[in-house]
Amino acid sequence: MMMMEWKWLRFIRMAVMLLVLEGCRWCTTDACLEHERIALLHLKPFFNYQNQLQSWVEVKGSDCCKWERVECNTTTSRLIQLSLNSSRWFYTTDNRNLNAWYLNTSMFLPFEELKSLYLSGNAISGNLENEGFGKLSSTLSNLEILDLSYNYLNDSILLSLSELSSLRYLDLSSNKFEGSGHQRGFQLLSRLNNLETLDLSGNSLKNNILFHMRNLSSLKTLRLGGNELKGRLDHIQGLNNLTNLKYLDLSWNRIESISNKDGTQLRLTNLEELDLSGNLFRNNTISFPQGLSSLKSLTLSNNDLQGSLDTKGLSNLTNLKKLNLGGDQIESFQSFKDGGRKLELTHLEELNLAGNHFNTSVFASLKKLSNLKSLSIWDNGLKGSIDMKDLETFINLRELDMKGNELKDLVIHQGII
Ligand SMILES: *[C@@H]1O[C@H](CO)[C@@H](O)[C@H](O)[C@H]1NC(C)=O
Ligand SMILES: *[C@@H]1O[C@H](CO)[C@@H](O)[C@H](O)[C@H]1NC(C)=O
Ligand SMILES: *[C@@H]1O[C@H](CO)[C@@H](O)[C@H](O)[C@H]1NC(C)=O
Ligand SMILES: *[C@@H]1O[C@H](CO)[C@@H](O)[C@H](O)[C@H]1NC(C)=O
Ligand SMILES: *[C@@H]1O[C@H](CO)[C@@H](O)[C@H](O)[C@H]1NC(C)=O
Ligand SMILES: *[C@@H]1O[C@H](CO)[C@@H](O)[C@H](O)[C@H]1NC(C)=O
Ligand SMILES: *[C@@H]1O[C@H](CO)[C@@H](O)[C@H](O)[C@H]1NC(C)=O
Ligand SMILES: *[C@@H]1O[C@H](CO)[C@@H](O)[C@H](O)[C@H]1NC(C)=O
Ligand SMILES: *[C@@H]1O[C@H](CO)[C@@H](O)[C@H](O)[C@H]1NC(C)=O
C-alpha cells in the first residue's frame with residue numbers, strides 16, 4: 001500500500017518535471033500570435049532566396065518572434081519589424097527587369113502593429129491589381145518606416161503609397177521613377193503629412209520634381225542624388241516651400257546653379273546640410289544667398305570649379321562648419337571683398353581641399369580659419385617646403401592630411417598634431 005502511493009507520487013513528480021522542462025507548448029503566452037506565424041509562412045515562398053528563411057519552420061507553436069528577420073514587441077509579442085530586404089534573386093547587369101514580379105500587399109495585413117517594413121532589393125515591379133499599399137492604411141496604422149529601394153517601381157505605385165499616412169520614412173531610391181509619367185503622381189505624396197525622410201535618389205527625375213515636392217512641409221531630409229536634374233533649377237520655389245528641411249542631397253545630377261532664371265534663390269533657413277557634389281558648378285556660378293543662414297555642412301566636391309575661386313560666393317554662409325571642395329581643379333582662393341585672398345569662414349572646423357591644384361601659398365589664404373580642426377589637402381600641387389609660420393593660426397588643428405604631394409623639407413607629412 002505504502003509502496004503504491006510512493007510510486008504514484010514519483011510518477012506525478014516526473015510528469016510535472018517533464019512539463020517544466022519541455023516548456024508548456026499549449027499554455028505559453030510569450031510566443032508570437034498564431035495568425036502572424038501563419039502569415040509569415042505564406043510570405044516565405046516569395047522571399048526565401050538561397051533558403052535564407054531557414055528558421056521559418058512549419059511547426060505549430062514555434063515562436064516566430066525568434067525567427068530571422070523578424071522583430072517583435074517584447075511585451076505584446078506582436079511583430080513590429082520585418083526585414084525582407086535582398087530576399088529574392090535580383091540581377092541588374094542590364095536594363096531588363098529580370099525576375100520582376102508583383103507584390104500582394106494584403107499579405108502584410110495580419111501584422112497590425114508593424115512599424116518597419118524593409119523590402120529593398122527584391123525586383124518588385126508593382127502590386128497585384130487591387131492589392132496595393134493603400135489596403136494597409138487603415139489596419140497598419142503604426143507603419144512608420146517603409147524601405148522599397150532597389151526595386152523596379154515606377155510612378156504608378158505613388159497613388160497607393162500616398163495612402164499610408166502614418167509613414168515617417170520612405171525610401172524609394174534606385175527604382176524607375178520619372179516624375180512625369182503619371183499626372184499628379186508625386187503631388188499625391190503630399191498626403192503623407194507625417195513624412196520626415198524621403199529618399200528618391202537613383203531614379204530618373206527631372207527638374208519639375210522640385211515643384212511636386214512643395215506640399216511635403218513635414219520633410220526634414222530629402223535625397224534627390226543621382227537623378228536627371230540639370231542646368232538652372234527652374235522649380236526652386238518648390239524646395240523653398242519645405243521650410244523644415246534640414247538635409248538636402250542634390251548630388252550627382254547636372255545642376256549648374258541653385259537659382260532660377262527670374263532670380264529666385266534657394267532659401268531654406270533651417271537647412272543644415274547641403275550636398276551638391278558631382279554637379280556642374282563653375283567658379284562663377286557658385287554664390288550662396290543669405291537664405292541659408294543655418295547651413296553647417298556644404299559639399300561641392302567633384303564639380304567644375306577651377307582656377308582661382310572667388311570666395312565671396314561662400315561668404316554668406318557664416319555658420320559653416322564643414323566645407324568639402326575636393327576633386328575640383330581649384331588653384332587658389334580669391335576674394336574681392338577685402339582685396340585680400342582669405343577665406344573668411346570663421347566657424348569652419350573641417351575643410352577638404354583634396355585632389356585640387358593648390359600650391360603652398362594656400363596656407364596664407366586660410367589664415368582666418370582659427371577654428372579649423374581638420375584640413376585635408378592630399379593630392380595637390382604642394383611642392384618644396386612649408387613655412388611652419390603659415391600653420392601657426394591653426395591652434396585647434398587635430399588632423400592634417402598632405403599625402404600625395406611633392407613636399408621635401410617637411411616637418412609633418414600627415415597625422416595628428
Ligand atoms: C510594446 O507594446 C507596448 C504595449 O502596447 C507599448 O507600450 C510599447 O511602447 C511597445 N514597445 C515597442 C518597443 O514598440
Ligand atoms: C536589411 O535591412 C536592415 C535594416 O536596414 C539591415 O540592418 C540589414 O543588414 C539588411 N539585411 C540585408 C540582408 O540586406
Ligand atoms: C492576396 O493575399 C490575400 C491574403 O493572403 C489573399 O486573400 C488574396 O486572394 C490575394 N490576392 C491575389 C490577387 O492573389
Ligand atoms: C509602370 O509600372 C506598371 C506596373 O508594373 C506597368 O504596368 C507600367 O507599364 C509601367 N509604366 C512605365 C512607363 O514603365
Ligand atoms: C499643394 O499646395 C497648393 C498651394 O497651397 C494647393 O493649391 C494644392 O492643392 C496642394 N496640392 C496637393 C496635392 O495637396
Ligand atoms: C510656396 O511658396 C509660395 C511663395 O512663398 C507660396 O505662394 C505658396 O503658397 C507656397 N506653397 C505651399 C504649398 O506652401
Ligand atoms: C549674400 O546674400 C545676399 C542676399 O541674398 C545677396 O544679395 C548677395 O549677393 C550674397 N552675397 C554673395 C557674396 O553671394
Ligand atoms: C574662373 O575660372 C576661370 C577658368 O579657369 C578662370 O580663368 C577665372 O579667373 C575664374 N574666375 C574667377 C572669378 O576667379
Ligand atoms: C601658387 O599659385 C598661385 C595661383 O595660381 C600663383 O599666383 C603663385 O605664384 C603660386 N606660388 C608658387 C610658390 O608657386
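All values below come from the heavy atoms of this structure, side chains included, with hydrogens, waters and symmetry mates left out. Every number for a ligand or one of its atoms is a count from 1 in the order of the listing.
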Need the ligand 6 atom indices (1-based, order shown) with element for anything under 4.0 Å from a heavy-atom of [X].
X	value
Asn241	1 (C), 2 (O), 3 (C), 8 (C), 10 (C), 11 (N), 12 (C), 14 (O)
Asn215	13 (C)
Arg214	13 (C)

Checklist entry - Roughly how far apart are Leu250 CG and Leu274 CG, rounded to 0.5 Å? => result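 The CG atom of Leu250 sits 6.5 Å away from the CG atom of Leu274.
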Checklist entry - So Cys32 and Cys65, disulfide bond (SG atoms under 2.5 Å apart) or not? Walk me through it. => result CA-CA 6 Å; Cys32 68; Cys65 289; 5.0 Å; no
Next on the checklist: Are any of the N/O atoms on Gln237, whether in the backbone or the side chain, positioned under 3.5 angstrom from an N/O atom of ligand 6?
Outcome noted: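 Indeed, backbone or side chain, Gln237 has an N or O that close.
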Checklist entry - Under a 4.0 Å heavy-atom cut-off, which residues neighbour ligand 1? => result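 Within the 4.0 Å shell of ligand 1, which is judged on heavy atoms, sit Asn73, Thr76, Lys115.
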Item to check | Candidate pair Asn303 and Asn279, rule side chain to side chain donor-acceptor pair (under 3.5 Å), full reasoning | outcome: CA-CA 5 Å; Asn303 272 282; Asn279 278 293; 5.0 Å; no
Item to check | Mode of Arg69 contact toward ligand 2 - side chain, backbone, both, neither (heavy atoms, under 4.0 Å) | outcome: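 Just the side chain.
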Item to check | Ionic contact status for Lys373 with Glu399, cut-off 4.0 Å | outcome: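 Judged by the 4.0 Å cut-off on N to carboxylate O distance, Glu399 and Lys373 do not form a salt bridge.
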Keeping the roles fixed (side chain from [X], backbone from [Y]), state whether a donor-acceptor pair exists under 3.5 Å.
X	Y	answer
Trp378	Asp401	no
Asn352	Leu325	no
Asn104	Glu131	no

Item to check | Atom indices of ligand 2, in the order listed, that fall short of 4.0 Å to a heavy atom of Ser86 | outcome: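 In order of numbering, the contacting atoms are 14 (O).
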Next on the checklist: Under 6.0 Å between ring centres: does that hold for Phe47 and Trp101?
Outcome noted: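 Judged by ring-centre distance (under 6.0 Å), Phe47 and Trp101 do meet the cut-off.
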Checklist entry - Taking the six-membered ring where the residue is Trp, are the ring centres of Phe186 and Phe177 under 6.0 Å apart? => result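 That pair passes the under 6.0 Å test.
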